[in-house]
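Each remark here refers to the structure printed beneath this line.
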Protein chains: 2
Amino acid sequence: MTNRSRKTIKDVAAAAGVSIGTASRALNRRGRVSEATVIRVTNAAKKLGYQPDAIAQSLRLKSTMVIGMLVTDLSNPFFAGVIRAAEKRLQQAGYALLVGNTDNESEREGALIDLFRRRRVDGLIMGPCAAENVPLLEDLDQNDVPIVGYDRDVGSDQSGLHVDHRRAAYEATRHLLNLGHERIALLSSSSKLSPGRERIAGYTEALAERGFEPRDDLIRAHKSSMDFVASEALSLMSLRPAPTAFLTLGTRMLAGTLQGLRQNGLRIPQDVSVLTVGDTDLARLHAPSISTVTWDLELVGQMLAELMLRRLDKSEDGAPQRIIIPTQLIERESCGSPGA
Amino acid sequence: MTNRSRKTIKDVAAAAGVSIGTASRALNRRGRVSEATVIRVTNAAKKLGYQPDAIAQSLRLKSTMVIGMLVTDLSNPFFAGVIRAAEKRLQQAGYALLVGNTDNESEREGALIDLFRRRRVDGLIMGPCAAENVPLLEDLDQNDVPIVGYDRDVGSDQSGLHVDHRRAAYEATRHLLNLGHERIALLSSSSKLSPGRERIAGYTEALAERGFEPRDDLIRAHKSSMDFVASEALSLMSLRPAPTAFLTLGTRMLAGTLQGLRQNGLRIPQDVSVLTVGDTDLARLHAPSISTVTWDLELVGQMLAELMLRRLDKSEDGAPQRIIIPTQLIERESCGSPGA
DNA sequence: GTAGCTTGCGCAAACGTTTTTGCAATATTG
DNA sequence: CAATATTGCAAAAACGTTTGCGCAAGCTAC
């Protein structure tokens with residue numbers, strides 16, 4: 001079998017003894033074709049192993065069936081899980097997922113948006129990022145490419161999905177306050193991004209409810225490299241009076257914090273309580289296990305896909321929608337009362 | 001600015017007062033065009049914000065500049081890290097990455113291969129998978145779509161990259177043997193996949209060197225769901241005589257094992273030693289920290305991309321290449337001598 | 001038995017590029 | 001200055017689809 005070159009619809013048409021137009025209509029069961037030729041064409045296609053060329057279809061139909069997804073870090077499990085779920089749902093609907101990693105650099109983000117645009121993605125899902133590539137996005141939007149943001153406000157009126165980081169931080173802080181903590185150190189992801197800002201707001205709000213002022217020296221919102229966070233944790237513990245609890249409000253903050261505390265020989269929760277955001281193997285299985293405020297990654301990915309599909313479905317009204325994902329507190333062993 | 005519809009090369013040509021053929025040649029600096037018109041066309045393009053349509057280019061040039069990547073689990077950090085690195089390198093070379101998640105189901109894998117094929121990906125990177133969709137792959141290969149396998153042999157003569165799982169398991173086992181362990185329980189990922197097979201082979205080899213026979217009741221190679229692994233760990237510890245060491249040779253085995261051991265109140269390393277494969281936050285920061293045999297994820301992703309790019313570069317000889325990624329043992333606190 | 005309606009299908013245009021070909025106009029050569 | 005080589009560009013073909021249009025044949029109805 002000299003299967004060397006791909007078969008085109010031309011080959012199918014020839015094999016079935018019809019014109020290519022008819023072959024196309026037969027394969028897509030569209031327009032007026034007799035049942036007899038539908039069968040002839042279908043058989044010919046099967047025999048030849050014909051599959052329509054998606055590129056040519058895209059060109060003609062002006063739809064690539066590809067969704068682009070942009071995140072700051074593909075390997076962050078909190079993105080990876082979301083991507084996985086989104087891919088699954090989109091695949092069901094016949095879409096493929098093109099991924100891009102921005103490393104939180106606005107330049108790379110811009111380049112990727114451009115790339116996706118040139119590639120004519122049918123839609124774009126964007127994770128949080130400091131960069132303001134708003135003009136590029138608006139241009140896409142104007143060209144009928146729906147954009148859904150994930151923990152990110154993307155300009156004017158785009159759809160978005162937001163984890164309720166504010167409430168998460170609020171609940172977490174309240175939990176610690178209820179245990180009697182007053183000096184709660186906050187290690188957060190960058191306050192330039194929406195999640196970071198929201199978290200700090202939630203923290204502040206909970207403090208304010210009890211009449212406490214947030215103290216700037218207790219808040220560290222920077223990069224999340226592990227070593228850096230470890231040294232921040234140490235520096236926080238050397239304050240006098242030292243904080244009695246740590247709130248690590250960034251998905252990658254926990255590891256560094258634990259490392260820092262361990263280096264200093266501090267025990268959890270006797271010497272200091274720890275509460276983190278985002279559930280991981282580490283939080284679950286650390287000794288002691290770490291209490292956490294978390295949310296459903298699968299749900300996030302699924303809803304992102306759903307939001308996108310709804311925007312893509314012309315029959316629906318394409319009104320942008322905003323979805324808030326709730327969080328829940330899981331109590332474990334890492335929080336106690338200060339001085340207990 | 002009524003930027004409503006995308007600009008095509010036709011608009012650029014019109015604006016520059018030349019034919020579209022000339023515009024194309026000017027923009028690509030190819031063929032015979034005068035410097036003057038190059039400038040005129042370039043300016044017109046810039047003013048209009050023109051960007052060539054990648055779909056049309058793909059159709060004409062028969063190259064999509066897209067690489068497909070198929071893994072069993074996008075959210076497994078050991079794949080996510082690799083994907084991240086691969087995407088980075090491929091992006092540098094102008095390629096975009098289309099991802100697919102197989103969930104280890106051969107059916108989904110087949111569907112995705114088909115999808116990628118229809119989408120005309122320029123190359124395919126495939127992670128380990130139990131399924132034998134070899135005919136599909138050979139068909140791709142015959143159509144000049146290079147395939148590079150990651151921890152997977154993909155049929156006849158494709159390029160491949162392999163982490164040295166056999167040696168990893170061998171070294172790990174030897175390490176435990178040197179400490180005096182004789183009953184070493186093995187929790188491995190499925191033996192149907194290449195990594196699992198190799199690991200068991202390495203384990204067996206190390207045992208054989210010391211004149212030990214591998215005991216079937218000490219080897220569990222199944223699914224890696226956390227609860228299942230935990231119960232397996234418990235069942236292993238209830239053997240008499242009980243194993244004195246655990247070798248968890250699957251990237252997701254450690255969590256379940258630790259959970260199982262903890263449920264039983266067993267101390268590491270006093271009651272049982274634990275050695276795992278693949279470094280994670282959990283292994284690093286668990287108390288006690290867990291010794292591990294690991295490798296460089298970034299390197300894997302980078303080399304996969306590199307391998308692919310080399311196959312795609314027609315100027316190179318396209319000879320398939322095989323790369324072995326070395327592993328190294330990191331000693332931590334989780335391994336001691338039995339009965340010590 | 002003819003007018004009109006329906007059916008099935010071929011033809012050709014279109015999607016947005018790149019590349020080949022051909023043809024003038026200009027430049028080079030003896 | 002005539003013959004020839006070179007240059008710059010327009011026109012058209014091609015990539016693989018889908019789809020609007022028109023035409024012939026068969027059917028219904030008066």
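All of these numbers come straight from a predicted model, not from anything done at the bench.
- Listed by chain and residue number, I55(A), A56(A), L59(A) satisfy the side-chain contact (heavy atoms from CB on, under 4.5 Å) test with L59(B) (two or more places apart in sequence, or in another chain).
- Pairs passing the side chain to side chain donor-acceptor pair (under 3.5 Å) check and including a residue from residues 61-84 of chain B, sequence neighbours excluded, read D73(A)-R84(B), R84(A)-D73(B), D103(A)-R84(B), S63(B)-D122(B), T64(B)-D122(B), D73(B)-S75(B), D73(B)-R252(B), N76(B)-T251(B).
- If you check residues 53-62 of chain A against DNA chain D, the residues with a heavy atom closer than 4.0 Å are D53(A), A56(A), Q57(A), R60(A), L61(A), listed by number.
- From the 5' end on, the contacts that DNA chain D makes with chain B at under 4.0 Å to a non-hydrogen atom open and close at dT7(D) to dG16(D).
- The pair E109(A)-R152(A) counts as a salt bridge, with a side-chain nitrogen and a carboxylate oxygen less than 4.0 angstrom apart.
- Sequence order on DNA chain D of the closest nucleotides to R25(A) and P52(A) puts P52(A) first from the 5' end.
- Among residues two or more places apart in sequence or in another chain, the ring-ring contact (aromatic ring centres under 6.0 Å, His included) test is passed with F78(B) by W295(B).
- Applying the side-chain contact (heavy atoms from CB on, under 4.5 Å) criterion to D151(A), with sequence neighbours excluded, gives P128(A), H162(A), V163(A), H165(A), P195(A).
- The backbone N or O of V148(A) sits nowhere less than 3.5 Å from a side-chain atom of R311(A) that would complete a donor-acceptor pair.
- Residues meeting the side-chain contact (heavy atoms from CB on, under 4.5 Å) test with Q302(B), sequence neighbours left out: E298(B).
- Residues from residues 8-21 of chain B placing a heavy atom under 4.0 Å of any atom in DNA chain D, listed by number, are G17(B), V18(B), S19(B).
- The end-to-end axis angle of the helix from dG1(C)-dC30(D) to dG30(C)-dC1(D), rounded to 10 degrees and based on five pairs per end, is 50°.
- Applying the salt bridge (Lys or Arg N to Asp or Glu O under 4.0 Å) rule to pairs touching residues 16-44 of chain B yields nothing, sequence neighbours excluded.
- Among residues two or more places apart in sequence or in another chain, the side-chain contact (heavy atoms from CB on, under 4.5 Å) test is passed with L27(A) by I9(A), V41(A), A45(A), Y50(A).
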Report task. Begin with the C-alpha distance, continue with both residues' side-chain angles, and end with the deciding distance and a verdict on side-chain contact (heavy atoms from CB on, under 4.5 Å) for I147(A) and M126(A). Result -> CA-CA 7 Å; I147(A) 304 176; M126(A) 304 203 52; 4.2 Å; yes
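- Here the side chain of N133(B) pairs no donor or acceptor atom with the backbone of I113(B) at under 3.5 angstrom.
- Side-chain contact between M303(A) and R89(A): absent, with no pair of heavy atoms (C-beta onward) separated by less than 4.5 Å.
- With hydrogens and angles ignored, the 3.5 Å screen pairs no side-chain donor or acceptor of R120(B) with any backbone N or O of A54(A).
- Rounding to the nearest 0.5 Å places CE of M308(A) at 4.5 Å from CD1 of I125(A).
- A heavy atom lying under 4.0 Å from DNA chain D marks the following residues of residues 28-42 of chain A, by number: N28(A), R30(A), R32(A).
- R6(B) places no side-chain N or O within 3.5 Å of a backbone atom of N143(A) that could act as its donor or acceptor partner.
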